[in-house]
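Worksheet: the structure to be examined is printed underneath.
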There are 2 protein chains.
Amino acid sequence: MSNLPERLRERGWRLTAQRRVVAEVLTGDHVHLTADEVHTRASRQLPEIGRATVYNILNDLVALGEIREVSTDDRAKRYDPNAHRPHHHLICTGCGTIRDVHPTADPTTTLPAPARLGFTITTTEITYRGLCPTCTHP
Amino acid sequence: MSNLPERLRERGWRLTAQRRVVAEVLTGDHVHLTADEVHTRASRQLPEIGRATVYNILNDLVALGEIREVSTDDRAKRYDPNAHRPHHHLICTGCGTIRDVHPTADPTTTLPAPARLGFTITTTEITYRGLCPTCTHP
DNA sequence: CTGGCTGCAAAAGATTTGCATAACG
DNA sequence: CGTTATGCAAATCTTTTGCAGCCAG
């Protein structure tokens, strides 16, 4: 698996400093940042980077399938760089922490035909909600 | 299962015209309206109803567990009145239609212990995405 | 009566858009 | 060099808040 900047260049993207920094911020597991958080962190390495630019880059990366939007309960969308290994999310209703879950003993995600209502299903997204270890034992 | 206005009165709610109308708008299966759509429909029956009032009522109903927020890809949250029979959602990536799916042959939603990362899971939410019959056969 | 609702308008938060300038390839 | 991306500010959209008056119980 090649790294992100490399893949982007292959897709004909101009490799700008802004894009490189955003790609760098969006790296790792259990990373689910809001656009604003991405902007803040990117600013530490590239102080002149504009908010709108961050939004542009995030939208482009989503359109390319390189990152995924994660809908939480907050107003702000969060972005998940781990778009290539399909996984689900565990959200703590106490502190808001989001963790990735990689289906090991895969919970059956296939919907039985009669329940499919004629849809052609392409993706299945599972969100587990509950309390994380820290919030469970206060 | 008693109807909504009745249950609300039992919980000490003042039964106002606004609340009755919002409750009425939020009735049925496959209903997933945005706050603005709820306001528009409610206005047809009660022209003076204010947008803020609709938001207040929706938030209260969510807090009481009478309706559920549905996170979609749009900016605006949607509200699902069907909070008592647990179910999942089928979203058409073509036209945005959302349909309820009641787990018949229940897809295993229990996460194996090692994958749980110490969380105490209370709810599982599945979102299937794909094309609805209409968008599949254009 | 009286505290809990409502409506309005203004504020706050998140994201998008328009346009002149900068810089990748 | 010619596009294409950036940065800034203003515009948009969604939701929340503050406050005076109204009404269900």
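Sequence lines set the chain letters: A, B, ... in the order given, protein chains first and strands last, and positions in each chain run from 1.
The closest side-chain donor-acceptor pair between B/Asp80 and B/His87 falls under 3.5 angstrom. With no hydrogens or angles considered, a side-chain donor-acceptor pair links A/His84 and A/Glu66 at under 3.5 Å.
Summarising the geometry, the separation between CG on A/Asp74 and P on C/dA14 is reported as 9 Å, rounded to the nearest angstrom. Put simply, CD on B/Glu10 is 17 Å from C1' on D/dG25, counting in whole angstrom units. Taking atom NZ on B/Lys77 and atom C1' on D/dC13, their separation rounds to 14 Å, with Å as the unit. Atom OH in B/Tyr55 sits roughly 13 Å away from atom C1' in C/dA12 (whole-Å rounding). Rounded to whole Å, the distance from CG on A/Asp73 to P on D/dT16 is 13 Å. Between the CG atom of B/Asp60 and the P atom of C/dT6 there is a distance of 8 Å, rounded to whole Å. Distance B/Leu46 CG to C/dG7 C1': 11 Å, rounded to the nearest Å. Following rounding to the nearest Å, B/Leu8 (CG) and C/dG4 (C1') show an atom-to-atom distance of 15 Å.
Nucleic acid contact for B/Ala76: sugar-phosphate only, since backbone atoms but no base atoms lie under 4.0 Å from a heavy atom of the residue. At a threshold of 4.0 angstrom between heavy atoms, the contacts of A/Asn59 are confined to the sugar-phosphate backbone, with no base atom among them. Using a 4.0 Å heavy-atom cutoff across all strands shown, A/Thr53 reaches at least one base atom of the nucleic acid.
Taking the side chain of A/Arg51 as heavy atoms from C-beta on, and the options C/dC24, D/dG7, C/dT15, the nearest nucleotide is C/dT15. Of the candidate nucleotides C/dC8, D/dA5, C/dT16, D/dA5 has the atom lying nearest to any side-chain atom of A/Arg19. Listed candidates were C/dG25, C/dT15, D/dA9. Nearest to the side chain of A/Leu15 is C/dG25.
Along DNA chain D, the nucleotide closest to B/Ala17 and the one closest to B/Thr34 are compared, and the more 5′ of them pairs with B/Thr34. Map B/Arg9 and B/Asn56 each onto its nearest nucleotide of DNA chain D; the residue landing nearer the 5' end is B/Asn56. Of the two residues contacting DNA chain C, namely B/Gly12 and B/Arg75, the nearest-nucleotide position lying further toward the 5' end is that of B/Gly12.
Summarising the geometry of A/Pro81 relative to A/Val31, their closest heavy-atom pair is CD-O, 3.2 Å, with the distance given to 0.1 Å. B/His32 approaches B/Arg78 most closely through the heavy-atom pair O-NH1, 2.7 Å.
Atoms OG1 and OH, from A/Thr93 and A/Tyr128 in turn, are 16.0 Å apart once rounded to the nearest 0.5 Å.
A sub-4.0 Å separation between OP1 or OP2 of C/dA23 and a side-chain N or O of A/Gln18 is absent. Considering only side-chain N and O atoms, A/Thr16 lies under 4.0 angstrom from the phosphate OP1 or OP2 of D/dT6.
At a cut-off of 3.5 angstrom, the base of C/dG25 holds no donor-acceptor pair with the side chain of A/Arg14.
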